[in-house]
Trainee: 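One structure follows; several queries about it will come next.
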Amino acid sequence: MRPTQSPFPATRLRRTRATPALRDLVRENTLTPGDLIWPVFVREGENIEEPVPSMPGVNRLSVDRAVEAAREADALGIPAICLFPYTSPENRTADCAEAWNPDNLSNRATRAIKSAVPGIAIMTDVALDPYSDTGHDGFVVDGRIVNDETVEALVRQALSQAEAGVDIIGPSDMMDGRIGAIRGALEMAGHHDVTLLSYAAKYASAFYGPFRDAVGASGALKGDKRTYQMDPANTDEALRCIERDLAEGADMIMVKPGMPYLDICRRAKDTFAAPTFAYQVSGEYAMLTAATQNGWIDGDRAMMESLMAFKRAGCDGVLTYFAPRVARTLAGN
Ligand code: PBG
């Protein structure tokens with residue numbers, strides 16, 4: 001129980017806010033570069049940085065530039081980057097075979113970064129949407145997203161990523177049973193130390209719009225993802241998803257989007273005490289950046305405040321497009 005507080009003036013809560021030194025002493029949460037995972041979009045070509053219009057400041061990088069980005073992240077103390085491929089249209093097919101091609105863009109980027117910057121952890125996304133002609137995360141049969149056939153494909157995709165050398169596999173597809181299937185296949189193949197960061201509580205959200213532009217999936221997507229991603233109205237269901245994924249072999253779990261779902265982060269951490277991450281998604285980045293560009297908010301302060309919110313809500317770390325900017329701000333430049 002909370003001890004009772006003496007009434008005013010014995011208690012003046014402003015005392016511990018009065019100076020920077022006192023504020024430092026009583027600060028309950030901290031944000032460090034070690035809390036950050038940086039999502040990076042990769043594309044074909046060489047020496048290319050192609051701006052994503054709906055995400056000012058974010059670029060699609062050719063593999064050589066992604067290696068430079070990884071080097072920069074490593075130097076800033078950011079422990080992990082997360083790769084998202086912008087797949088060429090000819091590699092988006094009904095069978096999604098490019099997803100497990102050992103030489104696909106994501107796997108080539110993984111190998112290049114691993115050999116140049118061995119210290120940084122590489123995370124990759126498991127889902128079929130960058131490779132499918134429908135823009136969905138799973139196979140579509142007669143207008144329905146089929147679960148079990150999709151899971152088989154996701155296992156192949158995950159194995160090819162593990163072969164390429166990733167440290168963290170992030171299934172973002174929201175099919176049932178995929179964590180157990182991927183974990184079993186990784187163990188069988190001898191990839192005992194590849195970690196799974198499950199997008200366990202992923203909501204069917206309007207905040208993914210700019211991301212779909214960035215990976216070129218917006219045009220293709222027919223319909224929505226509500227038969228697999230969660231209903232924003234639900235909380236208990238998120239806990240069931242997380243419990244299930246941990247039981248199936250997830251090492252870490254994620255809540256996505258971030259800022260509109262801080263209640264889910266807090267409940268997840270309190271309930272399971274597992275490594276918990278949030279994804280500050282593209283739409284959140286776009287909102288903050290647009291308001292900043294209009295001069296309506298102080299961008300740096302809003303960025304730092306938005307990230308501290310995740311720490312306060314119990315997250316161990318955050319995937320954010322702001323990662324290098326945050327790390328530079330924390331370093332004082
Ligand atoms: C795809 C995937 C999405 C995001 C990460 N992986 C989009 C979606 O589910 O449609 C969104 C990330 C963001 O908006 O920043 N499986």
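As the structure lists them, so they are numbered: ligands from 1, and atoms in each ligand from 1. By convention here, the first residue in the shown sequence is residue 1.
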Trainee: Which class fits the ring pair Tyr279 and Tyr321: parallel under 30°, tilted 30 to 60°, perpendicular over 60°?
Mentor: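 Aromatic pair Tyr279/Tyr321 classed tilted.
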Trainee: Do Trp38 and Pro324 have side chains that approach each other closer than 4.5 Å (heavy atoms only, starting at C-beta)?
Mentor: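 Yes; the side chains approach each other to less than 4.5 Å.
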Trainee: With heavy atoms only and a cut-off of under 4.0 Å, state how Asp173 meets ligand 1: side chain, backbone, both or neither.
Mentor: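 Neither; no heavy atom under 4.0 Å.
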Trainee: With a 4.5 Å limit on heavy-atom distance, are the side chains of Phe207 and Met287 in contact?
Mentor: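 They are in contact (side-chain heavy atoms under 4.5 Å apart), so the answer is yes.
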Trainee: Hydrophobic clustering (ILVMFWY, side-chain heavy atoms < 4.5 Å, transitive) - are Phe322 and Met123 grouped together?
Mentor: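 Yes: a chain of side-chain contacts under 4.5 Å links Met123 to Phe322.
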Trainee: For ligand 1, which atoms, with element, lie under 4.0 Å from some heavy atom of Ala127?
Mentor: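 The list of qualifying atoms is 16 (N).
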Trainee: Is any side-chain N of the basic residue among Arg267 and Asp236 closer than 4.0 Å to the acidic one's carboxylate O?
Mentor: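 Result for this pair is yes, salt bridge flagged.
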Trainee: Report yes if Arg212 has an N/O atom closer than 3.5 Å to an N/O atom of ligand 1; otherwise report no.
Mentor: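 Yes; at least one N/O pair falls below 3.5 Å.
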Trainee: Starting from atom 14 (O) of ligand 1, locate the nearest protein heavy atom and write down its residue, its atom name and how far away it is, to 0.1 Å.
Mentor: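 Among all protein heavy atoms, the one nearest atom 14 (O) of ligand 1 is Ser282 OG, 2.7 Å.
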Trainee: Any heavy atom of Glu284 closer to ligand 1 than 4.0 angstrom?
Mentor: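 Heavy atoms of Glu284 never come under 4.0 Å of ligand 1.
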Trainee: Nearest protein heavy-atom contact for atom 1 (C) of ligand 1: which residue, which atom, what distance?
Mentor: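 I find the closest protein heavy atom is Asp129 OD2, 2.8 Å.
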Trainee: As a check for students: among Tyr208, Tyr228, Phe211, identify the option with a heavy atom nearest to atom 3 (C) of ligand 1.
Mentor: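 Checking each option, the heavy atom nearest atom 3 (C) of ligand 1 is found in Phe211.
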Trainee: Considering the heavy atoms of Tyr279, write down every atom of ligand 1 situated less than 4.0 Å from one of them.
Mentor: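 Going through ligand 1 atom by atom, the ones under 4.0 Å from Tyr279 are 12 (C), 15 (O).
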Trainee: Where does Val281 meet ligand 1, judged by heavy-atom distances below 4.0 Å: at the side chain, the backbone, both, or neither?
Mentor: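 Both backbone and side chain.
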Trainee: When you measure from atom 2 (C) of ligand 1 to every protein heavy atom, which one gives the shortest distance, and what is it?
Mentor: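 Ranking protein heavy atoms by distance from atom 2 (C) of ligand 1, first comes Lys202 NZ, 3.4 Å.
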Trainee: Checking Arg92 against Tyr86: charged group under 6.0 Å from the ring centre and within 45 degrees of the axis?
Mentor: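 Yes; both conditions hold, so Arg92 lies above the ring face of Tyr86.
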Trainee: Mind checking whether Phe277 and Phe310 have ring centres under 6.0 Å apart?
Mentor: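 That pair fails the under 6.0 Å test.
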Trainee: Under 6.0 Å from the ring centre and within 45 degrees of the ring axis: does the NZ or CZ of Lys225 meet both conditions for the six-membered ring of Tyr208?
Mentor: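 No.
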Trainee: Any idea which protein heavy atom is nearest atom 5 (C) of ligand 1, and the distance to it?
Mentor: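 Minimum-distance protein heavy atom for atom 5 (C) of ligand 1 reads Lys256 NZ, 2.6 Å.
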Trainee: Could you list which atoms of ligand 1 come closer than 4.0 Å to a heavy atom of Lys225?
Mentor: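 Those of ligand 1 that fall under 4.0 Å from Lys225 are 8 (C), 9 (O), 10 (O).
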Trainee: Indicate yes or no: at least one non-hydrogen side-chain atom of Ile37 is less than 4.5 angstrom from one of Leu197.
Mentor: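 Yes, close enough: below the 4.5 Å cut-off.
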Trainee: Give the residue, atom name and distance (to 0.1 Å) of the protein heavy atom nearest atom 16 (N) of ligand 1.
Mentor: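 Ranking protein heavy atoms by distance from atom 16 (N) of ligand 1, first comes Ser172 OG, 2.8 Å.
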Trainee: Just need the protein heavy atom nearest to atom 15 (O) of ligand 1, so name the residue and atom and give the distance.
Mentor: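 Of every protein heavy atom, Tyr321 OH, 2.6 Å lies nearest to atom 15 (O) of ligand 1.
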